[in-house]
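Below: the structure, in structure tokens.
Order of listing sets the numbers, starting from 1, for every ligand and every atom in it. Note: hydrogens, waters and symmetry copies are ignored here, and every other heavy atom, side chains too, is used. Predicted model only: the values in this text are computed from it and were never measured.
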Amino acid sequence: FYSEDLTNAAFKHIKLEHGLRQALLENQFLVYYQPKLCLLSGRVLGAEALLRWKHPEEGFISPQDFIPVAEESGLIMEIGEWVLRQACEQAVSWERQGLAFEHIAVNVSGVQVQHEAFVDSVKGNLESSGLQPRRLELELTENFLMKDVEASASLLADLRQLGISIAIDDFGTGYSSLAYLTRFPVNKLKIDRSFIANVLSDEQNKKIAHAIINLGHSLNMKVVAEGIEFGQQLDLLKDKGCDEGQGYLIAKPLPNDEFVDFLKRYDARKLNFRQTKQFGIHHQSITKALA
Ligand code: C2E
Ligand code: MG
Ligand code: MG
């Protein structure tokens with residue numbers, strides 16, 4: 001059974017890798033955009049760019065399934081570069097349409113970032129798209145950054161030199177060296193979705209989310225919560241001082257035209273802010289802001 005499983009896994013891997021090469025050639029990749037809100041004002045701050053693979057036979061394949069294969073095969077270099085270019089160009093087009101947003105956040109893989117040409121490739125993308133550096137935010141995972149802290153500190157400094165921002169993604173799931181965290185020139189911490197999912201039901205998770213918010217603020221960083229699905233989660237995070245939020249409660253990741261439509265329709269003034277003691281934003285209130 002063991003060897004049969006191994007063969008199946010190897011076969012699946014080869015099939016995925018072949019599929020990814022095909023996807024690049026046949027333009028099967030898409031970038032979706034998930035709105036991010038300022039929790040204090042309710043304004044849209046921007047979006048996170050999320051890669052989608054629409055396979056002609058199998059439909060949408062999750063990035064969680066194919067990113068590891070793209071990383072092992074090295075294809076992530078080309079795919080990651082494509083996502084970055086798309087995201088920068090789309091953000092410039094939103095700007096040209098006069099839409100209100102501040103930044104676009106792009107996920108980058110450790111494999112991609114470690115490459116010596118990475119900083120130059122970011123610089124090249126900013127220049128060719130015309131996107132102002134302050135509008136670009138790169139999300140790097142905690143696990144990657146903590147693997148080689150000296151190398152990460154120097155890489156982050158080079159990236160910040162370009163004028164862009166950096167967020168640490170999936171924060172709280174890895175093993176952070178707090179001493180290094182103070183030395184990393186990072187702008188934001190993103191609390192991992194797993195803590196947000198249980199923030200209402202689990203007292204420990206609530207304490208962890210609160211501790212991350214305080215940690216980030218004491219290091220002069222902003223804190224983002226992802227995976228907000230319920231009004232009560234949003235109320236609680238806002239009450240604890242979390243700066244930014246995204247999640248299905250606000251909107252799912254959207255294709256570009258739907259994201260543009262969201263930006264056009266969304267009106268933070270229609271959010272019912274002082275509705276509860278914690279100024280809760282409720283689901284109906286978000287729907288109203290979109291009406
Ligand atoms: P991530 O960067 O932590 O992205 C957040 C994930 O949570 C996304 O999954 C998003 O669709 C999902 N999400 C957002 N709001 C909610 C919610 O309210 N509830 C739930 N249950 N989920 C929510 P997605 O798009 O499947 O991406 C998964 C991961 O794949 C990302 O995690 C990121 O690590 C990676 N990824 C996605 N796009 C890229 C990319 O362009 N490059 C790289 N290197 N990695 C990417
Ligand atoms: Mg992310
Ligand atoms: Mg995350």
Side-chain angles (χ1 to χ4, degrees), residues 20 23-24 28-37 46-54 59-88 90-91 103-115 118 121-122 125 136-145 165-174 186-200 209 212 223-234 237 242 244-256 258-259 262 283 286:
L20 285 171
L24 272 168
Q28 294 166 9
F29 290 118
L30 301 162
V31 183
Y32 276 33
Y33 301 92
Q34 186 175 39
K36 297 172 73 183
L37 292 190
E48 176 176 9
L50 292 156
L51 179 60
R52 294 290 176 264
W53 176 14
K54 197 174 176 196
F60 283 98
I61 301 178
S62 161
Q64 253 134 2
D65 293 332
F66 70 80
I67 297 265
V69 178
E71 288 179 331
E72 278 168 51
S73 60
L75 286 167
I76 193 68
M77 298 300 300
E78 210 177 318
I79 298 172
E81 176 71 23
W82 181 82
V83 174
L84 188 60
R85 196 169 59 239
Q86 287 289 312
C88 291
Q90 286 300 355
H103 68 259
I104 173 85
V106 180
N107 294 285
V108 282
S109 149
V111 176
Q112 187 187 352
V113 170
Q114 266 167 325
H115 204 271
F118 182 70
S121 114
V122 175
N125 268 303
L136 179 64
E137 183 172 294
L138 294 184
E139 296 191 2
L140 286 107
T141 64
E142 178 186 31
N143 275 331
F144 166 71
L145 289 174
S165 324
I166 307 284
I168 304 189
D169 207 350
D170 304 341
F171 192 81
T173 53
V186 160
N187 309 74
K188 279 180 200 172
L189 295 181
K190 266 190 115 163
I191 310 173
D192 191 68
R193 189 151 53 88
S194 58
F195 299 116
I196 309 301
N198 300 316
V199 84
L200 297 173
I212 296 177
V223 182
V224 190
E226 64 178 9
I228 303 176
E229 294 184 358
F230 305 103
Q232 281 164 307
Q233 288 169 327
L234 195 142
L237 290 158
C242 188
E244 300 177 16
Q246 62 187 96
Y248 296 170
L249 173 69
I250 299 148
K252 289 199 169 177
L254 304 167
N256 183 60
E258 287 179 34
F259 176 70
F262 179 96
H283 199 187
I286 284 176

**Salt bridge present between Lys190 and Glu48 (N-O < 4.0 angstrom)** =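 Here Lys190 pairs with Glu48 in a salt bridge, since their nearest N and O are under 4.0 Å apart.
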Using atom types as modelled and distance alone, determine if a side-chain donor or acceptor of [X] lies under 3.5 Å from a backbone N or O of [Y].
X	Y	answer
Gln90	Gln86	no
Gln112	Phe118	no
Gln233	Phe230	yes
Asn187	Ile166	yes

**Message:** Heavy-atom count check: over 12 atoms from other residues, nucleotides or ligands less than 6.0 Å from Glu78 CD?
**Reply:**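 At most 12 heavy atoms, drawn from other residues, nucleotides or ligands, come within 6.0 Å of this atom.
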**Prompt:** So, do Phe144 and Gln114 sit near enough that their side-chain heavy atoms are less than 4.5 Å apart?
**Reply:**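 In contact.
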**Asked** If we only count heavy atoms from C-beta on, is the Gln34 to Tyr248 side-chain gap below 4.5 Å?
**Response**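 Yes, close enough: below the 4.5 Å cut-off.
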**Atoms (protein N, O or S; no water) under 2.8 Å from the Mg ion (ligand 2)** =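 Count of protein N, O, S atoms less than 2.8 Å from the Mg ion (ligand 2): 4.
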**Message:** Over 60° means perpendicular and under 30° means parallel, so tell me whether Trp53 and Phe66 are parallel, tilted or perpendicular.
**Reply:**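 Rings of Trp53 and Phe66: perpendicular, as their planes differ by over 60°.
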With the criterion set at N/O pairs under 3.5 Å, what does the list of contacts between the protein and ligand 1 look like, atom names and distances included?
{"unit_1": "ligand 1", "atom_1": "2 (O)", "unit_2": "Glu48", "atom_2": "OE2", "d": "3.1"}
{"unit_1": "ligand 1", "atom_1": "2 (O)", "unit_2": "Asn107", "atom_2": "OD1", "d": "2.9"}
{"unit_1": "ligand 1", "atom_1": "2 (O)", "unit_2": "Asp169", "atom_2": "OD2", "d": "2.8"}
{"unit_1": "ligand 1", "atom_1": "3 (O)", "unit_2": "Asp170", "atom_2": "OD1", "d": "3.3"}
{"unit_1": "ligand 1", "atom_1": "3 (O)", "unit_2": "Glu226", "atom_2": "OE1", "d": "3.4"}
{"unit_1": "ligand 1", "atom_1": "3 (O)", "unit_2": "Glu226", "atom_2": "OE2", "d": "3.3"}
{"unit_1": "ligand 1", "atom_1": "7 (O)", "unit_2": "Arg193", "atom_2": "NE", "d": "3.0"}
{"unit_1": "ligand 1", "atom_1": "15 (N)", "unit_2": "Gln34", "atom_2": "NE2", "d": "3.0"}
{"unit_1": "ligand 1", "atom_1": "18 (O)", "unit_2": "Tyr248", "atom_2": "N", "d": "2.8"}
{"unit_1": "ligand 1", "atom_1": "19 (N)", "unit_2": "Glu229", "atom_2": "OE2", "d": "2.5"}
{"unit_1": "ligand 1", "atom_1": "21 (N)", "unit_2": "Arg193", "atom_2": "NH1", "d": "3.2"}
{"unit_1": "ligand 1", "atom_1": "21 (N)", "unit_2": "Glu229", "atom_2": "OE2", "d": "3.1"}
{"unit_1": "ligand 1", "atom_1": "22 (N)", "unit_2": "Arg193", "atom_2": "NH1", "d": "3.2"}
{"unit_1": "ligand 1", "atom_1": "22 (N)", "unit_2": "Tyr248", "atom_2": "OH", "d": "3.3"}
{"unit_1": "ligand 1", "atom_1": "25 (O)", "unit_2": "Arg52", "atom_2": "NH1", "d": "2.8"}
{"unit_1": "ligand 1", "atom_1": "25 (O)", "unit_2": "Arg52", "atom_2": "NH2", "d": "2.8"}
{"unit_1": "ligand 1", "atom_1": "38 (N)", "unit_2": "Leu51", "atom_2": "N", "d": "3.1"}
{"unit_1": "ligand 1", "atom_1": "42 (N)", "unit_2": "Asn107", "atom_2": "O", "d": "3.3"}
{"unit_1": "ligand 1", "atom_1": "44 (N)", "unit_2": "Ser109", "atom_2": "N", "d": "3.4"}

